[in-house]
Amino acid sequence: MEEPQPGPSPLRKMILVSSMAAGIQFGWALQLSLLTPYVQTLGVPHAWASFIWLCGPISGLLVQPIVGYSSDRCQSRFGRRRPFILAGSLAVAIAVFLIGYAADIGHAAGDNLTQKTRPRAVAIFVIGFWILDVANNMLQGPCRAFLGDLAAGDEKKTKAANAFFSFFMAVGNILGYAAGSYDGLHRLFPFTETEACNVFCANLKSCFFFAIVLLVVLTTLVLITVKETPYTPKAEKETEDAEKTHFSCFCGELCLAFKGLKRPMWMLMLVTAVNWIAWFPYFLFDTDWMGREVYGGDVGQKAYDSGVHAGSLGLMLNAVVLAVMSLAIEPLGRVVGGIKWLWGIVNILLAICLGMTVLITKIAEHERLLNPALVGNPSLGIKVGSMVFFSVLGIPLAITFSVPFALASIYSSTSGAGQGLSLGVLNIAIVVPQMIVSTISGPWDALFGGGNLPAFVLGAVAAVVSAILAVLLLPTPKKADEVRASSLNMGSLH
């Protein structure tokens, strides 16, 4: 396929395109910190809340590769990537409106506010949530591909563009978690608090308003200032593609990618899959754990809301550590003897942190038993321990967002396989475990009496297993290969 850019573009254009990662990640951060607690305020039981999160893995499995494949072949006069970026941004705005106003729309459609479950509001929320995940996945692939187009094969500018993309991802996380941790944001928009939408719901609306503004501003700047040369395929290639359906071409390339996988890639997919079984309970229930187990509240109570906001603050600290650690991966890998050893070591750290949730919970419960006044306001030690938990998890998270993708790059280059297809196949090893965890975590927690600890303990066990598998099964890359792959940008949640 021909590349439309005759040469590399100025770095300022790449920085501007990279900045869209902040707008995209702002939305992800709000999802991770607020939406699991919010859906429970609409009456969805804790044991079933995780099923809604199936959207992320499914959309990551289907939408990203299909959109990426389509944007490679888009012949719009506006360019290959820009139409998808515009469509994704508009879809995000629609989804955010549906999520923020789900309670109000449901009430207007006939939901009874005296009942615990509001079925119409839940339906609107789920529709908006799925649209949001699909739209975010629509944005990520074309944005990353746009950076590759602008670099036009220039290795130095490719490294710089990837570094800026990772940086703006961290910025988006920090902004999203900071907004989620502040419980007075709704005062800026007094109209957000209504009969059907309480303070927690109003804060969520306000956060999403800021997310829309940030994404719209960044999208507008990119679309206006960064132009694309329309893609024109070769005549013979156009004739060949015309004889095939778009879907058959995509499926054919995906099948070839699986057929050509070597043993190192299969082992990497196995380790990655087990590793994400460890991570996803944390992503699902981190702020809910703070509201329930640490602060001792139930959904809808002030104590629960305080815990959720404290959890968002912890996630912001996590994002700061993540940003710093992302710059230290390569030197740390050299210190411990290679990046696969680094991955194994931090997975043990992940297991210890997930296991610490049990200790923090039991101490908090014991303190509340002795002093009921601590409900909604745990002791300083519990608060500090919780913030340390979130902060330390930024270390293994930085490794998880980079090392598997770097290893995929190394294994694909040494085996002669295409990097793009190898990374696409690796994404399947990430989203399939997420689908499994989303399906079983709610019933699994209910089986052990409810709460979030059973899922965290399962995650701790999976983290230990993934650490052992990483050290025993993954081939040790050559030093030159590790250096070549170190410029690879961070992955994303879906």
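Just so it is clear, the values below take in all heavy atoms, side chains as well, and ignore hydrogens, waters and symmetry mates.
- Contact between Ala278 and Gly459 at its shortest, heavy atoms only, is CB-O, 3.1 Å.
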- Query: Are Phe283 and Trp276 close enough, and set up right, to give a side chain to side chain contact (heavy atoms under 4.5 Å, CB included), and what steps lead you there?
  - Reply: CA-CA 10 Å; Phe283 289 130; Trp276 274 94; 3.3 Å; yes

- Task: Apply side chain to side chain contact (heavy atoms under 4.5 Å, CB included) to the pair Phe146 and Val226, showing each step before the final yes or no.
- Result: CA-CA 10 Å; Phe146 201 1; Val226 186; 3.6 Å; yes

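- Rounding to the nearest 0.5 angstrom, the gap separating the CG atom in Leu132 from the CD1 atom in Ile99 is 4.5 Å.
- Annotation: side chain of Pro119 is not in contact with side chain of Val122 (no heavy-atom distance under 4.5 Å).
- Listed by chain and residue number, nothing satisfies the disulfide bond (SG atoms under 2.5 Å apart) test with Cys207 (two or more places apart in sequence, or in another chain).
- Taking the six-membered ring where tryptophan is involved, the planes of Tyr282 and Phe390 are tilted, since the angle between them lies from 30° to 60°.
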- Message: Working note: Leu218 + Val222, criterion side chain to side chain contact (heavy atoms under 4.5 Å, CB included); need CA distance, chi angles, decisive distance, verdict.
- Response: CA-CA 6 Å; Leu218 293 175; Val222 168; 5.5 Å; no

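- Taking the ring axis of Phe189 as reference, the NZ or CZ atom of Lys205 does not stay both within 45° of it and closer than 6.0 Å to the ring centre.
- No side-chain heavy atom of Phe26 sits under 4.5 Å from any side-chain heavy atom of Asn173.
- The two residues Ile174 and Met316 have their closest heavy-atom pair at O-CG, 3.7 Å.
- Side-chain atoms of Arg118 and His107, non-hydrogen and from C-beta on, never get closer than 4.5 Å to each other.
- Looking only at distances, no side-chain donor or acceptor of Arg80 sits under 3.5 Å from a matching main-chain atom of Pro142.
- Residue Ser18 comes nearest to Phe168 through the heavy atom pair O-CB, 3.5 Å, listed as atom of the first residue, atom of the second, then distance.
- Taking 4.5 Å as the limit, every side-chain heavy atom of Arg120 sits out of range of all side-chain heavy atoms of Ile105.
- Counting heavy atoms from C-beta outward, Pro396 and Trp279 have side chains that approach closer than 4.5 Å.
- Between the side chain of Arg292 and the backbone N or O of Asp288 there is no donor-acceptor pair closer than 3.5 Å.
- Across all their heavy atoms, Ala102 and Phe125 have their closest contact at CB-N, 3.8 Å.
- Looking at residues two or more places apart in sequence or on another chain, you find a side-chain hydrogen bond (donor to acceptor under 3.5 Å, both in side chains) between Asn377 and Lys383.
- Here the CZ-CD1 distance, from Phe97 to Ile212, works out to 9.0 Å after rounding to the nearest 0.5 Å.
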- Assess whether side chain to side chain contact (heavy atoms under 4.5 Å, CB included) is satisfied between Thr287 and Ser312, documenting all intermediate values. CA-CA 7 Å; Thr287 53; Ser312 296; 4.3 Å; yes

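- If you check the side chains of Glu293 and Asn452, you find a donor sitting under 3.5 Å from an acceptor.
- Residues Asn347 and Asn275 share a closest heavy-atom pair of OD1-ND2, 2.7 Å.
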Donor-acceptor contacts, no H, no angles, side chain residues 356-366, under 3.5 Å, sequence neighbours left out:
unit_1: Thr357; atom_1: OG1; unit_2: Leu354; atom_2: O; d: 2.5
unit_1: Thr361; atom_1: OG1; unit_2: Trp289; atom_2: NE1; d: 2.9
unit_1: Thr361; atom_1: OG1; unit_2: Thr357; atom_2: O; d: 2.7

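- Leu313 CG to Met290 CE: the interatomic distance, rounded to the nearest 0.5 Å, is 8.5 Å.
- Across all their heavy atoms, Ile24 and Cys143 have their closest contact at CD1-SG, 4.2 Å.
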